[in-house]
Every structure is written in C-alpha cells, then in structure tokens.
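Atom set for the values below is all heavy atoms of this structure, side chains included, hydrogens, waters and symmetry mates excluded. Throughout, protein chains are lettered first and strands after them, A, B, ... in sequence-line order, and every chain is numbered starting at 1.
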Number of protein chains: 4
Amino acid sequence: MTEHQSTDKRGHILEVAQQLFAKNGFTATSVRDIAKEAGVNIAMISYYFGSKEKLLEAIFLAHSEVVGLQIKSVLQNDQLTPMEKLEKLLDGFVEKYFSQQSFHRLAQRMQLRNTDSPIMKVLHEMKQSNLDLLRQIVSEGQKKGDFKKNIDIPLLTATMLGTANQLMTTKAFYKEVNKLESLSEEAFQKHLKKKLSLHLKSIFKVLLKHEP
Amino acid sequence: MTEHQSTDKRGHILEVAQQLFAKNGFTATSVRDIAKEAGVNIAMISYYFGSKEKLLEAIFLAHSEVVGLQIKSVLQNDQLTPMEKLEKLLDGFVEKYFSQQSFHRLAQRMQLRNTDSPIMKVLHEMKQSNLDLLRQIVSEGQKKGDFKKNIDIPLLTATMLGTANQLMTTKAFYKEVNKLESLSEEAFQKHLKKKLSLHLKSIFKVLLKHEP
Amino acid sequence: MTEHQSTDKRGHILEVAQQLFAKNGFTATSVRDIAKEAGVNIAMISYYFGSKEKLLEAIFLAHSEVVGLQIKSVLQNDQLTPMEKLEKLLDGFVEKYFSQQSFHRLAQRMQLRNTDSPIMKVLHEMKQSNLDLLRQIVSEGQKKGDFKKNIDIPLLTATMLGTANQLMTTKAFYKEVNKLESLSEEAFQKHLKKKLSLHLKSIFKVLLKHEP
Amino acid sequence: MTEHQSTDKRGHILEVAQQLFAKNGFTATSVRDIAKEAGVNIAMISYYFGSKEKLLEAIFLAHSEVVGLQIKSVLQNDQLTPMEKLEKLLDGFVEKYFSQQSFHRLAQRMQLRNTDSPIMKVLHEMKQSNLDLLRQIVSEGQKKGDFKKNIDIPLLTATMLGTANQLMTTKAFYKEVNKLESLSEEAFQKHLKKKLSLHLKSIFKVLLKHEP
DNA sequence: GATGAATGAGCATTCATTCAT
DNA sequence: GATGAATGAATGCTCATTCAT
C-alpha cells in the first residue's frame with residue numbers, strides 16, 4: 001500500500017533537478033537550489049545519488065530506458081508505405097520532443113559539454129536509435145524505388161533535431177515575430193507543434209522522394 | 001608598428017574567454033581559468049571589463065559590430081537572381097559559422113539561458129538580421145514569380161541555424177558514423193562545410209521554388 | 001549537563017566577534033580573523049549568521065534583549081527618594097558599562113557609522129530607554145520640588161554616556177596622567193569605576209538639585 | 001604667482017580624505033574612493049603621501065600644528081578672573097569643535113583604534129594641551145581661593161570632550177527628541193552650540209566653584 | 001611631475017560533500 | 001534511514017601599491 005516514500009522522493013528530486021538543470025545549467029544550479037525546490041534536506045542528494053554528477057547521470061539514465069518502443073511497432077507494420085512510416089516517425093519525434101521539453105533543453109546543454117561521461121553514452125544511444133530507425137525506413141523506401149539514393153541520413157537527423165532545438169530555444173522570438181502574443185501558452189504550443197511537424201515532413205519528403 | 005600592448009591584452013582575454021566559455025560554459029569557467037589561460041593577472045579581468053558578466057557581454061558586443069556587411073552588398077547586386085542571392089546568403093552563413101565556431105557554440109549556450117541581459121539583445125539582433133535578409137530575398141523571388149507564396153521564414157532560419165548548430169555540436173558523432181576518422185581535422189572541416197552548404201541549399205531550394 | 005555544542009559555538013563566535021569588532025572595527029576585522037580566533041571554520045560564520053553584517057546585527061540583538069530590567073524595579077520602589085533613585089540609576093549604568101566595555105566600544109564605533117541598519121534601531125532603543133528612565137525620575141523629583149525645572153535631559157544623558165565613553169577610550173592616558181601605572185588592571189578598573197560614579201553623581205546632583 | 005598646483009591638490013586630497021575617513025572610517029574608505037571624490041588619479045595618494053596610512057597621519061599632523069594659540073593669549077590676560085578664563089576656554093573649545101566636526105569625528109574613531117602610530121602622538125598632545133590649559137586656570141583659581149581643591153581635571157576634560165563627542169554623534173537623535181526638525185541645519189547647529197556651551201559652563205562652574 | 005596599467009594578497013561568500021548522531 | 005552541523009576548497013571581486021613611461 002505505502003509506496004516507499006524514498007522512491008517518491010527520489011523521483012521528485014530527479015524531476016526538480018531536470019527542470020533546474022535545463023533552465024539554469026548544471027554548474028549554475030546548486031545542490032542547495034535543488035534541495036530547496038524539492039523540499040528535501042541538502043544531504044539527501046548525496047545520500048540518494050552519491051553526488052551532483054551522479055544525479056545528472058540518473059536523469060539521463062531514466063530517459064534512456066524509454067527510448068524507442070512504440071516506434072518500433074510502426075516499423076514492423078507492413079500495412080504502411082515507407083513515406084507513411086516516415087510521417088509517423090516524425091510525428092512521434094515531435095510529440096515526444098514537445099512532451100519532454102525540459103529534458104531536451106538539458107540534453108542540448110549536455111551535448112555542448114561534450115565530456116566523456118555516462119551521459120554522453122545515453123545521448124549517443126538516442127542519436128543512434130533515431131539514426132537506425134530512419135535508416136531502416138529509408139532503406140525500405142529505396143528498395144521499393146520510392147526514395148532517392150544517396151541520402152545523407154546523419155545530416156537529415158541533424159536537421160530534424162537541430163530545427164526542433166532551435167525552434168524551442170527561440171520560441172519567444174518566434175512568437176513575437178509571428179505576432180502570436182495573444183495566444184494562450186497551450187494554444188501556442190499546439191500551433192508550434194503542428195508547424196514543426198509539417199515543416200519537417202515537407203523537408204523530408206522533398207529530400208527523399210524521387211522526382212517523378 | 002608596436003600595437004598598444006593593452007589593446008592586445010584586452011583582445012587576447014576576450015579571445016581566450018570566448019573559447020573557454022564556449023567549451024565549458026559561463027558558470028563552469030572561472031575568472032582564474034581565463035586569467036591563467038590568457039597569461040594575465042586575475043585582477044585584469046575586473047580591470048578591463050568590470051566583472052565576469054561584463055566580460056561575457058563584451059564578447060557579444062564585439063561580434064555584434066560585424067553583423068551583416070558583405071551580405072548586404074549581395075542583396076543590392078541586380079545581376080543576381082533571387083535564387084543566386086539565396087545561395088550566396090547560405091554560403092556566407094556557412095562560411096561565417098565555420099570561421100566562428102567557438103562563438104556560435106557560446107551563442108548556443110547563451111540562447112539556452114534566456115536571461116534578459118544585453119547579450120540577448122545582441123543575439124536577437126543577429127537573428128533579426130538573418131530573418132530580414134532572407135525576407136527580402138524571398139520577397140523579391142516571390143515578386144518575380146520564382147518562389148512560392150506562404151513561406152514560413154522564421155521556421156526556415158530555425159532550420160538553417162539549428163542544423164548548423166546540431167551538426168557542429170555532434171560533429172564527432174557525424175565523423176564516426178560516416179567513417180571519416182582518417183581525415184585530417186582541416187579536411188574534415190572542409191568536407192563538413194561543403195556537405196552543410198549543399199544540404200541547406202537543397203532544403204531551401206525545394207521549399208522555396210515553385211514546382212514547375 | 002551537556003549544553004548543545006552548537007549553542008556554545010554560536011555564542012562563542014558572537015563573543016569573539018564582539019571583541020574583535022570593538023578592538024579593530026568592523027571593516028578592519030575579517031571573517032577569517034574571527035574564525036581563527038574563535039577556532040571555527042570560516043564557513044561557519046555564514047552558516048550561523050548568514051553574513052558578516054548579520055553577525056554584527058546579532059551582537060546588537062543579543063544586547064538589546066537585556067536592556068533595562070533591574071533598573072525598572074528601582075523606579076517602582078516607593079521607599080526611595082528621587083535623588084536616591086538617580087544614584088541607583090547612575091550606579092547601575094556605570095556597573096553595566098564597565099562589565100560590557102567591549103560592547104560599548106563597539107557601540108561607540110557603530111554610532112559613528114550612522115547607517116540605517118537594524119543596529120541603529122537597537123542603539124536608538126538603548127538611548128531612548130536611558131532617556132525615559134531619567135525622565136521619569138526627574139519628573140518625579142520635580143513634582144516633589146526636589147529638582148529644578150527646565151532640565152535638558154538629552155544633554156544630561158549625553159554627558160553620562162559621553163564621559164563614560166571618553167574615559168574608557170582614553171583610560172591609558174588617564175592612568176598615565178594620574179600616575180597609576182603601579183595599580184593592577186583590576187584595581188585600576190575598580191578605581192576608575194568609583195571615580196566615574198562619583199563624578200557623574202556630583203554632576204547630576206548639582207545640575208538637578210534646587211539650590212537651597 | 002602660480003601657486004604650485006600640487007600644493008592645492010595635496011590640500012584638497014587631505015580635506016576630502018578627512019571627510020571620507022570621518023564618515024566611513026579608515027578601513028572602509030578606499031584609496032579609490034578618495035581619489036574619485038577628490039578628482040585625482042589613484043596613484044596620486046601613494047605619490048604624495050607614500051601610503052594610505054601616511055595620508056591619515058598627514059591629516060593629523062596638519063591639525064596638530066594649530067593646537068592652542070589664541071587660547072594661550074587668554075591665559076596671559078591679567079584682566080580676566082579664572083572663572084572668565086574658564087568660560088573663554090570652554091567657548092573656544094566648543095567653537096573649534098563645531099568648526100572642525102569631521103576632524104573630531106575622525107579623531108574619535110582613531111582614539112578607538114588605540115594603535116601606536118604617530119596619530120596617537122598628535123591626539124595625545126591635543127589632550128595634554130587641553131589638560132595643561134585647564135590645569136593652569138584651575139591652579140590660578142585655587143590660589144585665588146575662587147575654586148575648590150581636589151579637582152579631578154582629567155575627568156573634567158573627559159566630560160568636556162565626551163559630551164561634545166556624544167552630542168555630535170547623536171545629534172540626529174537629539175534633534176528628534178527635542179522636536180527641532182523644523183530648524184534649518186544652520187539654525188540647529190547654532191542652537192546646539194549654544195546649548196553645549198551653556199551646559200559645559202554650568203557643569204564646570206558648579207564643580208569648580210567654592211560653595212559660598 | 002604625473003598616470004594608466006598591472007600585480008599579488010586578501011576579501012566575504014558559496015560550493016559539494018562528509019560525518020556524527 | 002535521514003539530517004543538521006561542519007568543512008576545505010573554490011568562487012568573483014576589491015584592495016593598496018608599484019612601475020614603466
């Protein structure tokens with residue numbers, strides 16, 4: 001009945017830490033900040049995670065466990081054309097990206113650090129996973145003659161993730177430029193998500209599709 | 001012949017600070033680190049810039065002064081078609097991006113901070129400048145009937161900068177995936193530059209061009 | 001039996017800080033000096049008091065809590081004549097002043113700063129308290145016809161505290177002038193206390209008493 | 001014709017330094033503060049005075065040169081009774097004190113430091129000078145049978161200087177208590193000067209005069 | 001004579017972590 | 001299992017002073 005309170009606490013600390021790290025950066029976020037925001041004792045962080053660094057790793061480990069999953073089922077669905085699979089991949093990516101904005105902001109920060117910690121391993125796996133999925137779809141499309149040859153898949157994924165990152169980081173700018181200040185936050189997010197999805201789809205399509 | 005040493009020193013500190021901030025982040029880079037790397041006394045940073053924060057601002061101010069310049073001449077060249085202008089814009093962007101990688105890495109970090117400091121103003125101006133240039137070219141192309149209507153220019157610039165950022169941040173990954181470890185750093189950079197340039201051009205072309 | 005060690009430590013820091021601040025001044029006393037003298041880690045000062053400034057305030061707060069107390073009982077004693085009450089007030093003042101010399105030296109320093117900090121509030125209350133007590137006694141004496149009208153009570157208190165301050169600050173000079181170098185420190189203090197007490201009493205008497 | 005500018009500058013620095021030291025204390029006043037306020041280069045202070053400490057000494061030396069002067073002529077005036085001489089002494093003291101408030105505030109601070117620097121020598125001489133003058137007058141009055149025997153002259157001077165110091169340091173308090181906020185600064189100073197003068201005179205008179 | 005540049009020492013404070021309880 | 005107390009190291013910054021010009 002009674003969940004171990006520690007489990008809850010651990011999860012709560014992870015959540016709070018992710019948000020603070022995402023917002024202010026790893027170094028600029030003190031263990032005190034996290035403890036205060038999470039409403040726990042300062043010593044708890046070392047107690048639960050060993051160190052601030054290990055806490056960071058724990059955040060990434062928690063995310064690594066859910067990489068790919070529903071996507072893989074898409075791949076194996078023989079009913080869908082490669083292009084349909086691609087669209088589902090992109091939709092899935094955008095959906096997941098929007099639902100985990102603070103994590104992706106943090107991931108972007110960590111990518112910039114480029115140290116050799118377990119974190120980079122997780123990030124590497126995530127990128128690899130995206131790459132492999134796309135590769136399979138493209139490969140299938142090429143075999144069927146739907147897609148061009150000579151596709152630079154790493155560059156494509158760079159555009160996918162890069163555009164999402166850039167859009168998300170500068171969304172205030174985007175809002176202002178497009179005079180969308182009147183929209184509620186929720187409506188704006190929805191608008192952005194749709195825009196990004198369509199934008200990526202149109203890029204991928206024209207780059208992959210054989211000209212008739 | 002003898003440059004004022006002070007000018008050199010100030011500039012040298014700026015250079016070193018930019019690289020360290022880019023590499024390790026603002027908070028994780030200590031004034032002592034910068035002073036040591038630049039071979040100057042710690043107190044010199046306060047002496048020249050007032051504070052660590054002001055030093056950061058000085059880096060951005062130094063870059064804001066050279067925003068857009070050669071590009072503008074391109075715009076006014078009546079000999080060029082809109083598509084040629086677009087290509088020159090993208091070439092110029094990629095060229096500048098590659099020659100100022102550490103600055104762009106730093107800019108990426110600062111964008112993630114999203115505080116309201118003079119830095120954001122400079123970044124805002126840079127983005128706005130890119131946006132305006134592209135807007136003019138697109139507008140001209142649309143008038144001439146070369147380009148489609150309904151182009152989401154902010155999204156396009158997000159793809160431009162986002163792809164560059166993502167590619168640069170994960171270039172080690174890109175190198176590994178594409179089995180380019182044998183290339184010299186210089187050759188790899190050249191390869192990457194060409195790839196990115198072509199990639200962006202093809203994206204922009206297909207998104208802008210009227211289908212025949 | 002076992003006092004909380006933390007309480008002791010906090011109190012000990014307060015004590016040491018008061019003495020160093022009194023001796024060398026606030027700014028001239030470093031947190032390091034206090035920590036070293038008190039035998040605690042430097043970080044403890046921030047830990048216990050938040051900052052050097054707050055530590056100073058804590059010293060004054062500790063003293064504000066014991067302002068007036070035994071004196072008030074004197075006031076309510078109907079057995080005593082106003083003049084007797086006055087004598088008791090002055091004796092009490094001198095006694096307290098001598099037993100808290102380092103605090104009064106510090107208070108003198110802080111009075112000279114004249115900033116608007118919580119410290120000034122405490123000092124103000126102390127002065128006001130002295131003033132009010134004296135006012136009551138004088139008022140009672142005037143009603144009974146023992147004391148003159150038109151007594152400038154603030155000036156009287158200035159003489160009381162000013163004389164004590166000046167005597168204490170220049171006690172080495174006083175010792176030398178009066179050739180009291182042979183006296184032990186204790187004996188000298190006793191001598192000084194008696195002298196000051198008599199001196200203040202005679203001043204107050206002649207200024208307050210109705211000439212016959 | 002042309003006064004050495006340096007002389008002016010030196011004097012100006014002395015003046016500014018005295019005021020800042022008086023207001024904020026020696027340690028809390030930085031050489032930069034003085035240089036800025038005086039409108040001179042930072043290096044000037046070391047250049048003219050050797051060090052910050054020496055600058056402080058220079059301030060006191062400048063004042064030591066004018067100790068006692070007009071007072072001595074009073075002493076030798078055979079027309080005046082001892083009591084008249086005493087009044088003139090007190091008037092002179094109050095007058096000088098009010099015209100050099102910032103110096104006396106600084107002197108009070110230095111007295112509290114009690115280090116063995118040339119400054120203490122100057123302060124010592126000043127006190128000694130006051131003491132000697134008073135001693136002569138009292139001695140003369142005693143010989144003439146006007147004054148009591150057994151006068152504690154050091155205590156008397158402590159009251160004189162102490163009351164002046166205390167009144168000056170807490171003059172804001174005095175103003176408030178006496179509801180004198182409506183007075184102009186000038187009028188208030190005049191009022192205070194008169195009050196202090198009368199107060200000291202009445203104290204000295206009753207303590208010195210033989211009861212009839 | 002006068003000064004901008006530069007320095008090393010010191011400042012108060014905050015940090016992540018450890019430890020005794 | 002959980003925590004307040006405590007620590008040493010590091011932080012950004014200011015200091016009085018010196019020096020080359």
Side-chain angles (χ1 to χ4, degrees), chain A residues 4-7 9-10 26-35 40-56, chain B residues 2 4-10 13 26-35 39-56, chain C residues 2 4-10 13 26-35 39-56, chain D residues 4-7 9-10 26-35 40-56:
Chain A
H4 287 87
Q5 203 195 347
S6 61
T7 309
K9 249 184 203 173
R10 218 191 98 103
F26 177 73
T27 319
T29 302
S30 76
V31 171
R32 275 165 183 77
D33 292 338
I34 299 167
V40 301
N41 187 279
I42 324 164
M44 292 294 303
I45 274 88
S46 291
Y47 183 69
Y48 274 134
F49 302 96
S51 72
K52 191 188 174 187
E53 191 76 31
K54 293 269 180 61
L55 164 59
L56 180 64
Chain B
T2 53
H4 289 88
Q5 203 194 344
S6 62
T7 308
D8 275 330
K9 216 173 239 184
R10 214 192 101 104
I13 294 173
F26 178 74
T27 317
T29 302
S30 76
V31 170
R32 275 165 180 80
D33 291 339
I34 299 167
V40 302
N41 187 282
I42 322 166
M44 291 307 299
I45 274 89
S46 289
Y47 183 71
Y48 275 129
F49 303 97
S51 71
K52 191 189 176 188
E53 190 77 30
K54 293 266 183 65
L55 164 58
L56 179 65
Chain C
T2 53
H4 288 89
Q5 203 193 346
S6 61
T7 309
D8 274 331
K9 216 175 239 185
R10 214 191 100 105
I13 294 173
F26 178 74
T27 318
T29 302
S30 76
V31 170
R32 277 165 181 77
D33 292 339
I34 299 167
V40 302
N41 187 281
I42 322 166
M44 291 306 299
I45 273 89
S46 290
Y47 182 71
Y48 276 130
F49 303 97
S51 71
K52 191 188 175 186
E53 190 76 30
K54 293 267 183 64
L55 164 58
L56 179 64
Chain D
H4 287 86
Q5 203 197 344
S6 61
T7 310
K9 250 183 202 173
R10 217 190 99 103
F26 178 73
T27 317
T29 302
S30 76
V31 171
R32 275 164 184 77
D33 292 339
I34 299 167
V40 301
N41 187 280
I42 324 165
M44 292 293 303
I45 274 88
S46 290
Y47 184 67
Y48 274 134
F49 302 96
S51 72
K52 190 188 175 188
E53 191 75 32
K54 293 269 180 62
L55 165 58
L56 179 65

Exercise. May I have the distance from A:Glu53 (atom CD) to E:dA16 (atom C1'), rounded to whole angstrom?
Key: 12 Å
Quiz item: Does any N or O in the side chain of B:Lys52 come within less than 3.5 Å of the main-chain N or O of B:Phe26, such that one atom is a donor and the other an acceptor?
Solution: yes
Quiz item: Nearest to the side chain of D:Ala43, which nucleotide is it out of E:dG4, E:dA16, E:dT13?
Solution: E:dG4
Quiz item: What integer distance in Å separates D:Lys54:NZ from F:dT17:C1'?
Solution: 12 Å
Quiz prompt | DNA chain F: 5'-proximal contact among B:Ser30 and D:Ile45 (nearest heavy atom) | solution = B:Ser30
Quiz item: For E:dG8, does OP1 or OP2 lie under 4.0 Å from any side-chain N or O of B:Asn41?
Solution: yes
Self-check item: With sequence neighbours excluded, residues passing ring pair (Phe, Tyr, Trp, His ring centres under 6.0 Å) with B:Phe49
Solution: none
Practice problem: Considering just the side-chain nitrogens and oxygens of A:Tyr47, establish if one lies under 4.0 Å of OP1 or OP2 belonging to F:dT3. | Solution: no
Quiz item: Is any side-chain N or O of A:Lys52 closer than 4.0 Å to OP1 or OP2 of E:dT17?
Solution: no
Quiz item: F:dG12, F:dT18, F:dT14: which one has an atom nearest the side-chain heavy atoms of B:Ser46?
Solution: F:dT14
Practice problem: Look at the side chain of B:Arg32 and the base of F:dG12, then say whether one donor and one acceptor between them are separated by less than 3.5 Å. | Solution: yes
Quiz item: Please give, in whole Å, the distance from E:dT14 C1' to C:Ile42 CD1?
Solution: 12 Å
Self-check item: D:Tyr48 side-chain N/O to E:dG1 phosphate OP1/OP2 under 4.0 Å
Solution: no
Quiz prompt | Which nucleotides of DNA chain E pair, in dot-bracket form (Watson-Crick or G-U under 3.5 Å, | meaning another strand) | solution = .||||||||||||||||||||
Quiz item: For A:Thr29, which contact category applies under a 4.0 Å heavy-atom criterion: base, sugar-phosphate, or nothing?
Solution: sugar-phosphate
Quiz item: Given the rule in the side chain to side chain contact (heavy atoms under 4.5 Å, CB included) test, do C:Leu55 and C:Ile34 qualify, once you have shown the distances and angles that lead to the verdict?
Solution: CA-CA 11 Å; C:Leu55 164 58; C:Ile34 299 167; 3.9 Å; yes
